Amino acid sequence: MIETIDNIIPESDQDQLLDIVTDTSFDWHYLEDVTHETSDDTRQNTPGFINLLVNDNGKQRSGREHMFIAPLDEYLCRTNQKIVALHRMRLGFLLNNSNYDHNNKHVDYTFPHKVALYYLNDSDGDTVLWDDEVVTRVAPRKGRMCVFDGAILHASSCPKEYSTRIVLTYNFNTSEEK
């Protein structure tokens with residue numbers, strides 16, 4: 001199941017998060033390919049920027065993680081779930097620099113988990129999800145959250161009409177998962 005929730009947090013909080021990540025003091029780190037940590041000649045590579053707030057083993061990295069947890073906390077509250085593990089929290093910043101329909105299809109981890117995408121700005125770079133034979137496209141809208149099973153193949157898309165696409169990805173487990 002793919003859930004999409006608009007305005008998961010109040011508009012003033014949405015504005016504050018966007019202001020934080022677009023401030024010149026915010027650290028963005030360049031990747032040759034936004035889907036993978038390294039580029040590869042066997043696939044299309046799309047350059048972009050990330051900020052890894054919580055790394056792959058669940059360790060906080062920057063001291064700013066608490067500022068970005070509100071969208072996930074609100075989702076968990078609304079769905080009456082408890083988090084048992086936050087595996088990764090990563091900000092992604094894509095530019096209008098690709099003609100591909102979408103970036104590389106992937107899953108973030110091979111173990112059971114959930115993915116939540118929180119869109120920090122309006123953009124036209126859809127998230128594309130392949131759940132069995134069904135293809136779903138989720139348009140990035142400021143304040144929107146998309147939540148799905150981490151086993152679903154998905155891909156980001158670079159904006160074509162807008163200049164940027166900024167997304168916060170949460171990889172996590174809740175008490176209802178095995």
Side-chain angles (χ1 to χ4, degrees), residues 1-8 14 17-24 26-56 61-62 68 71-72 75 87-172:
M1 179 169 88
I2 300 166
E3 297 175 80
T4 303
I5 305 159
D6 287 331
N7 296 310
I8 191 75
Q14 295 172 32
L17 289 180
L18 183 59
D19 288 347
I20 290 168
V21 303
T22 56
D23 189 273
T24 56
F26 192 78
D27 292 327
W28 288 103
H29 306 276
Y30 176 77
L31 279 182
E32 287 185 46
D33 182 65
V34 295
T35 308
H36 302 278
E37 299 300 316
T38 58
S39 63
D40 183 332
D41 292 336
T42 65
R43 60 181 181 261
Q44 64 194 31
N45 293 307
T46 303
F49 299 89
I50 66 160
N51 184 301
L52 193 57
L53 296 164
V54 174
N55 69 12
D56 289 334
R61 293 174 38 95
S62 70
F68 295 96
L72 181 60
Y75 169 77
H87 304 291
R88 184 175 69 171
M89 187 166 52
R90 178 179 126 160
L91 283 157
F93 194 117
L94 293 177
L95 302 170
N96 180 335
N97 63 349
S98 172
N99 291 323
Y100 299 126
D101 179 53
H102 58 77
N103 296 316
N104 295 304
K105 293 181 187 180
H106 66 280
V107 294
D108 297 339
Y109 296 103
T110 56
F111 55 80
H113 70 288
K114 289 184 180 179
V115 177
L117 304 174
Y118 172 75
Y119 300 97
L120 281 89
N121 67 324
D122 289 330
S123 186
D124 61 317
D126 289 355
T127 300
V128 185
L129 302 107
W130 292 266
D131 190 9
D132 294 323
E133 299 298 317
V134 178
V135 177
T136 303
R137 296 183 81 93
V138 178
R141 294 292 173 256
K142 184 178 178 183
R144 176 174 285 171
M145 180 170 268
C146 175
V147 183
F148 54 94
D149 184 305
I152 295 175
L153 276 172
H154 58 281
S156 59
S157 298
C158 291
K160 307 286 188 277
E161 302 296 322
Y162 287 75
S163 60
T164 62
R165 175 189 188 267
I166 307 171
V167 177
L168 177 55
T169 302
Y170 304 93
N171 301 103
F172 63 101

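Everything numeric here is computed off the predicted structure, so don't read it as measured data. Numbering of residues begins at 1 and proceeds along the displayed sequence.
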Asn104 CG to Leu153 CG distance, which is reported to the nearest 0.5 Å:
11.0 Å
Can you sort out the partners of Thr164 under side-chain hydrogen bond (donor to acceptor under 3.5 Å, both in side chains), two or more places apart, ordered by chain and number?
Asn121
Taking the side chain as C-beta and beyond, is there a heavy-atom pair between Val54 and Tyr170 under 4.5 Å?
no
Below 4.5 Å, heavy atoms only, C-beta onward: do Phe49 and Leu91 meet side chain to side chain?
no
What distance do Arg141 atom CZ and Asp124 atom CG have between them, rounded to the nearest 0.5 Å?
8.0 Å
Check whether any side-chain heavy atom of Tyr119 sits under 4.5 Å from a side-chain heavy atom of Lys142, and report yes or no.
no
With a 4.5 Å heavy-atom cut-off, do Phe26 and Thr24 have their side chains touching?
no
Between Asn171 and Asp108, is there a side-chain donor-acceptor contact under 3.5 Å, judged purely by atom types and distance?
yes
Mind checking the NZ-CD spacing from Lys114 to Glu3? Nearest 0.5 Å is all I need.
7.0 Å
Tyr109/Phe111 aromatic ring centres below 6.0 Å
yes
May I ask you to check whether Phe148 and His154 place their ring centres under 6.0 Å from each other?
yes
Which heavy atom of Leu17 sits nearest to which heavy atom of Pro71, and what is that distance?
CD1-CG, 4.2 Å
Can you check whether Gln14 reaches Asn7 side chain to side chain, under 4.5 Å on heavy atoms?
yes
Which atom of Phe172 lies closest to which atom of Val147, heavy atoms considered:
CZ-CG1, 4.5 Å
With rounding to the nearest 0.5 angstrom, report the OG to OH distance, Ser156 to Tyr100.
12.5 Å
Under 3.5 Å, is there a donor-acceptor pair between the side chain of Trp130 and the main chain of Lys105?
no
For a side chain to side chain contact (heavy atoms under 4.5 Å, CB included) check, start with the C-alpha distance between Thr169 and Val167, then their side-chain angles and the critical distance, and finish with the verdict.
CA-CA 6 Å; Thr169 302; Val167 177; 4.2 Å; yes
Going through the distances and angles, do Arg90 and Leu168 end up as a side chain to side chain contact (heavy atoms under 4.5 Å, CB included)?
CA-CA 6 Å; Arg90 178 179 126 160; Leu168 177 55; 6.0 Å; no
Under the criterion side chain to side chain contact (heavy atoms under 4.5 Å, CB included), which of Ile5, Ile8, Val138 is the partner of Arg144?
Val138
N/O donor-acceptor pair under 3.5 Å between Ser157 side chain and Gly125 backbone
no
Looking only at heavy atoms, the pair that brings Pro159 and Leu95 closest together is CD-O, 3.5 Å
Which is it for Leu129 and Val135 under the side chain to side chain contact (heavy atoms under 4.5 Å, CB included) test, yes or no, and what are the steps along the way?
CA-CA 6 Å; Leu129 302 107; Val135 177; over 6 Å; no
Out of Arg137, His102, Arg165, which one pairs with Thr127 under the side chain to side chain donor-acceptor pair (under 3.5 Å) rule?
Arg165
Evaluate the side-chain proximity of Asn97 to Pro47: yes if any heavy-atom separation is below 4.5 Å, no if none is.
yes
Can you see whether Asn96 engages Ser163 through a side-chain donor-acceptor pair at a distance of less than 3.5 angstrom?
no
Asp149 side, atom CG; Asp131 side, atom CG - distance, nearest 0.5 Å
8.0 Å
Taking atom types as modelled and ignoring hydrogens, do the side chains of Asn103 and Thr46 form a donor-acceptor contact shorter than 3.5 angstrom?
yes
One should read off an interatomic distance between Ile166 CD1 and Asn51 CG, to the nearest 0.5 angstrom, of 11.5 Å
Side chain to side chain, Trp28 and Val21, heavy atoms closer than 4.5 Å:
yes
Please say whether more than 12 non-hydrogen atoms of neighbouring residues, nucleotides or ligands are located less than 6.0 Å from CG in Asp6.
yes
Do the non-hydrogen side-chain atoms of Met145 and Tyr118 ever get within less than 4.5 Å of each other?
yes
